[in-house]
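One structure below.
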2 protein chains.
Amino acid sequence: MNYNILLKEHHLKVTPQRLGILSFMHKAGHINIEDLFTQLKKEFTSISLATLYKNIHAMLGVELLKEVQIPHEKPKYEITKTPHAHLLCQKCGNFEDIFLDVDTMLNNVAKQSNYELKESSIIYSGICPKCQDNH
Amino acid sequence: MNYNILLKEHHLKVTPQRLGILSFMHKAGHINIEDLFTQLKKEFTSISLATLYKNIHAMLGVELLKEVQIPHEKPKYEITKTPHAHLLCQKCGNFEDIFLDVDTMLNNVAKQSNYELKESSIIYSGICPKCQDNH
DNA sequence: GTATTTGCAAATGATTTGCAGTGCT
DNA sequence: AGCACTGCAAATCATTTGCAAATAC
């Protein structure tokens, strides 16, 4: 993925810090501020938390990133992609995307509720296949 | 609803503060710490934030309460009821329950993902019927 | 060259903790 | 009576802000 272009498309200036944020975010899939900062420190010894927060907000503002709220956890961030749901393993903590037909679900709920629905935030939690085996 | 019994069933001692928390929580449906504290202050002039936090955590621990995380908002709390999803109006902020067939959805996703799913956290956002009219 | 971004330090805000006194069962 | 709960004050943790220097375009 070309983060350079991604930033420009969203009218954000390209800086090494921003490229680093996107690169680690992509590698992790979903990551919270604290873990992201730890990772970034390895490559940018001088990066500050303030910069990280400012950039996360800038990228959220232009919808380059999306915030994901797992109950009882600190928010995680992901690069915006096609609408999807999430799976959380309550045992090992694995957190992953699942590309359900979110649109169909949205339409059904819209009909039932008379809301004009735009988006959904969906997390399913349970035990992942691996953890079922190592019961 | 008898909060006295509700607390005892969950092995928590009955105190005026806890009864107050549950009563306001029920009245509001979903409420965050700050708003709940403001409400409580009216009835219990001496209640402290520390007490509120401690009690919220105690009640979460025994699953008498559930935390609901709306992206970009402070967590709200609700009294645990049968599994359901939530609707958020992006215009007026109205936040309500919707009793979809959460179990069927859970089973479908379980099949597709091979996760052994236990619960889901679902929020649909859009424009509520009222706000559509006052467009 | 100008506007934006960075990193620091300080400020703010939210939540937690320790402890002495009080209240529940 | 004994243990749990309350409220206060202080401590901790997370996030934001202001500003001078550095950097992107």
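Order of the sequence lines sets the chain letters (A, B, ...), proteins ahead of strands, with each chain counted from 1. Only heavy atoms go into these numbers, but all of them, side chains included; no hydrogens, no water, no symmetry mates.
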Output a table of donor-acceptor pairs, distance under 3.5 Å, between side-chain atoms of residues 73-81 of chain B and any protein atom two or more places apart or on a different chain; print 'none' if there are none.
from	atom 1	to	atom 2	distance (Å)
B/K74	NZ	B/E34	OE1	2.4
B/Y77	OH	B/E67	OE1	3.3
B/E78	OE1	B/H30	NE2	2.9
B/E78	OE1	B/H84	NE2	3.4
B/E78	OE1	B/H86	NE2	3.0
B/E78	OE2	B/H84	NE2	3.4
B/T80	OG1	B/E63	O	2.8
B/T80	OG1	B/L64	O	3.1
B/K81	NZ	B/D97	OD2	3.3

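Residues of residues 3-15 of chain A that place a heavy atom closer than 4.0 Å to DNA chain D, in numerical order, are A/K13, A/V14. In the region residues 16-35 of chain B, proximity to DNA chain D at under 4.0 angstrom, judged on heavy atoms, holds for B/Q17, B/R18.
A/D101 is linked by a side chain to side chain donor-acceptor pair (under 3.5 Å) to A/T104, counting only residues two or more places apart in sequence or in another chain. Considering only residues two or more places apart in sequence or on other chains, A/N94 meets the side chain to side chain donor-acceptor pair (under 3.5 Å) condition with A/E96, B/Y115. For A/E116, the salt bridge (Lys or Arg N to Asp or Glu O under 4.0 Å) partners two or more places apart in sequence, or in a different chain, are A/K118. Here B/E119 pairs with B/K66 under the salt bridge (Lys or Arg N to Asp or Glu O under 4.0 Å) rule; sequence neighbours left out. Residues passing the side chain to side chain donor-acceptor pair (under 3.5 Å) test with A/Y124, sequence neighbours excluded: none. For B/S23, there are no side chain to side chain donor-acceptor pair (under 3.5 Å) partners, not counting sequence neighbours.
As rounded to whole Å, 15 Å separates atom C1' of C/dA10 from atom CG of A/L49. Put simply, NE2 on A/H57 is 15 Å from P on D/dA14, counting in whole angstrom units. The CG atom of A/N55 sits 13 Å away from the P atom of D/dT16 (whole-angstrom rounding). Atom P of nucleotide C/dT16 and atom NE2 of A/H72 are separated by 12 Å, given to the nearest angstrom. In this structure, CZ of B/F44 is placed 10 Å from P of D/dT6, rounded to the nearest angstrom.
Judged by distance alone, with hydrogens and angles left aside, the side-chain atoms of A/Q132 form a donor-acceptor pair with the main-chain N or O of A/I127 at under 3.5 Å.
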What protein N or O atoms touch nucleotides 17-19 of chain C N or O atoms at under 3.5 angstrom, if any, and at what distances?
from	atom 1	to	atom 2	distance (Å)
C/dG18	O6	B/K54	NZ	3.1

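The stretch residues 37-50 of chain A participates, sequence neighbours left out, in these side chain to side chain donor-acceptor pair (under 3.5 Å) pairs: A/S48-A/T51. Applying the salt bridge (Lys or Arg N to Asp or Glu O under 4.0 Å) definition to pairs two or more places apart or across chains, none involves residues 3-27 of chain A.
Within 6.0 Å of NE2 on B/H72 lie more than 12 heavy atoms contributed by other residues, nucleotides or ligands.
Residue B/K74 places its side chain closer to C/dA14 than to any other of C/dA14, C/dG7, D/dG7.
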